[in-house]
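The structure appears right after this line, and notes come after that.
Computed from heavy atoms alone, side chains included, the values below leave out hydrogens, waters and symmetry copies. All ligand and atom numbering here is 1-based and tracks the order in the structure.
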Amino acid sequence: MTPKPTALFRKKFAGGAGSPYDWRMNASTPLFSAVAINDTHLRFGGHDFGAARAKLAAVVQRIADGRDGPPPQVLIQLGDLVEEPRRDHFEQAARFFEPLKSTRILHVPGNHDIGPDPDGAAAHPWLEALGGALNNACVLNGVMFITLYNARADATDETETVARNEWLRDLLQRYRATPKVIACHVPLVALRDPQQIEKSFGFLSWRSLDYRHTLRRMIESHRDSVIAVLSAHLHLSGHALVNGVHHLVASGPFSWPGDHLRLDFYRDRVVARMIPLEPFIDSNDIAPYPLRNSVHDRHGIEFTDAKHPAFEHYIAGNPDEREVILPR
Ligand SMILES: [Fe+2]
C-alpha cells in the first residue's frame, strides 16, 4: 500500500533536529548563503487569496530566524511576485522582505510582473517600483549573480531577446573565471517528461519559448563557471543536470509544498536544498496535500512520469532533487 502522501512527505522532507534539513548537523558553517523565492503571486486590496501573503511572510520570517542556516547575504526573488503588474502592488510586496535587513534582494521579472507589452511600457511599474534593470549582474562574495528577463522576451519580443543575449554574451566572456549563479523566471530545460508537464502545467511555457535554445546554449558554453541556473514559473520543485549545467526550480511558497530554495556556499561545494513551507505554517487557509498546489492538481489527475512514479514526487521532486550538491 502506498503511504499517505502527507505522512510520507513529512517523514522525508520535513526539517527539525536530527533530520537532513537541520543545518546545524553540518560539520562546517557555510562561507555564505543565498535563498531564492518565487511565484508568490501576491494580491492586495482584499482577501489574502490562497493565503499568499501569509505564506510569504512565514517564509521570510523562517529565513530571518535562521531556521535552516545563517541569514543569507542575498535573496533572489525569481518572479511572479504579484498577480497584477501594478506599481503600488510591487511596493507593498517589497515590504514583505524588510525582516531580512542585511540581505541584498535581487529581483527577476516574471510574466505576471510584466504583463503583455502592446505599447512597450509594460515593464515600467516593475522597473519603477523595484529599480534595477530587466537584466542585471552583481558580484557578491566572489560569486556573480546574473538575473535575466526571459518570462516574455523569448516569446514575444525579439528586440528584448537579442539585446539580452548580446549583453549576456559579453558579460560571460569578460568574467570567464568568475563562478556564476544565473536566474531566470522560465526554466530553460524540461523538469518533467515534456508530454506530462505540458498537460499538468497547462501552458506551453513549461520550458522557455526560446525554441532555438540560444540562451541555454550560451550558458552551456560557459558550464565550467556556472554553478546553477535557478528558475521558477512551474509551481513544482525539481532538478535537472543537462549538458553539464544544473537547473533548479522550486514550487514557491504559494503552491504545495511551498518550497523555497536555499544555497549554502562552502569552500569546495554548494549545497542546494528545497525548504518546504508545510508543515511549518499554522494557518486555517493551508490545507494538506493534495490540495492547494493550485496548478498540477487542478485537473483531477494524479500526474506521474518515468522518474516520478508517485504524484507527490511529481510535484515536490524526488529526494535527490530536493538536496543537490553542486561541484564548483
Ligand atoms: Fe510565471
Side-chain angles (χ1 to χ4, degrees), residues 36-44 49-50 52-53 55-56 59 75-86 89-90 93-94 96 105-117 122-123 125-127 129-130 132 134-136 147-157 160-161 164 182-192 194 197-211 215-216 229-238 240 247-261 274 277 292-299 303 315-317:
I37 297 181
N38 59 287
D39 292 287
T40 48
H41 291 275
L42 301 182
R43 299 179 199 210
F44 297 96
F49 178 77
R53 302 196 302 254
K55 290 170 181 172
L56 176 57
V59 169
L75 183 150
I76 307 163
Q77 187 283 111
L78 273 164
D80 285 358
L81 177 62
V82 298
E83 190 71 10
E84 281 181 76
R86 289 171 40 168
H89 286 197
F90 288 125
F96 278 76
I105 315 282
L106 310 177
H107 292 283
V108 175
N111 48 301
H112 279 264
D113 304 319
I114 303 297
D117 200 3
W126 187 89
L127 289 166
L130 302 178
L134 291 171
N135 304 294
N136 223 332
T147 53
L148 300 175
Y149 171 45
N150 79 334
R152 289 188 184 272
D154 289 297
T156 59
D157 196 329
E160 277 291 349
T161 305
R164 179 202 64 203
I182 299 177
C184 56
H185 182 70
V186 180
L188 304 181
V189 300
L191 272 296
R192 295 292 183 270
I197 198 167
E198 189 166 327
K199 285 186 223 151
S200 68
F201 186 50
F203 305 99
L204 287 174
S205 56
W206 51 271
R207 182 175 58 193
S208 164
L209 297 170
D210 168 15
Y211 291 124
L215 181 56
R216 175 169 68 75
V229 177
L230 315 183
S231 300
H233 189 56
L234 297 182
H235 293 250
L236 56 67
S237 296
H247 298 262
L248 289 154
V249 175
S251 69
F254 184 79
S255 289
W256 187 92
D259 285 330
H260 72 278
L261 182 67
M274 306 285 176
L277 181 64
R292 303 295 175 87
N293 174 270
S294 304
V295 174
H296 301 278
D297 57 356
R298 74 191 192 280
H299 311 281
F303 283 93
I315 298 180

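Nearest heavy atom pair, residue F203 against residue R298, reads CE1-NH2, 4.0 Å. The two residues M274 and A250 have their closest heavy-atom pair at SD-CB, 3.8 Å. Q77 approaches G79 most closely through the heavy-atom pair OE1-N, 2.7 Å.
Judged as a side-chain contact (heavy atoms from CB on, under 4.5 Å), and not counting sequence neighbours, the contacts of D113 are D80, L81, V82, F90, W126.
Considering only heavy atoms from C-beta on, V186 stays 4.5 Å or farther from L209 through its side chain.
Listing protein N, O or S atoms at distances below 2.8 Å from the Fe ion (ligand 1), with waters left out, gives D80 OD2, N111 OD1, H185 NE2, H233 ND1.
The aromatic rings of H235 and F254 stand perpendicular to each other, their planes meeting at an angle above 60°, with 30° marking the opposite boundary.
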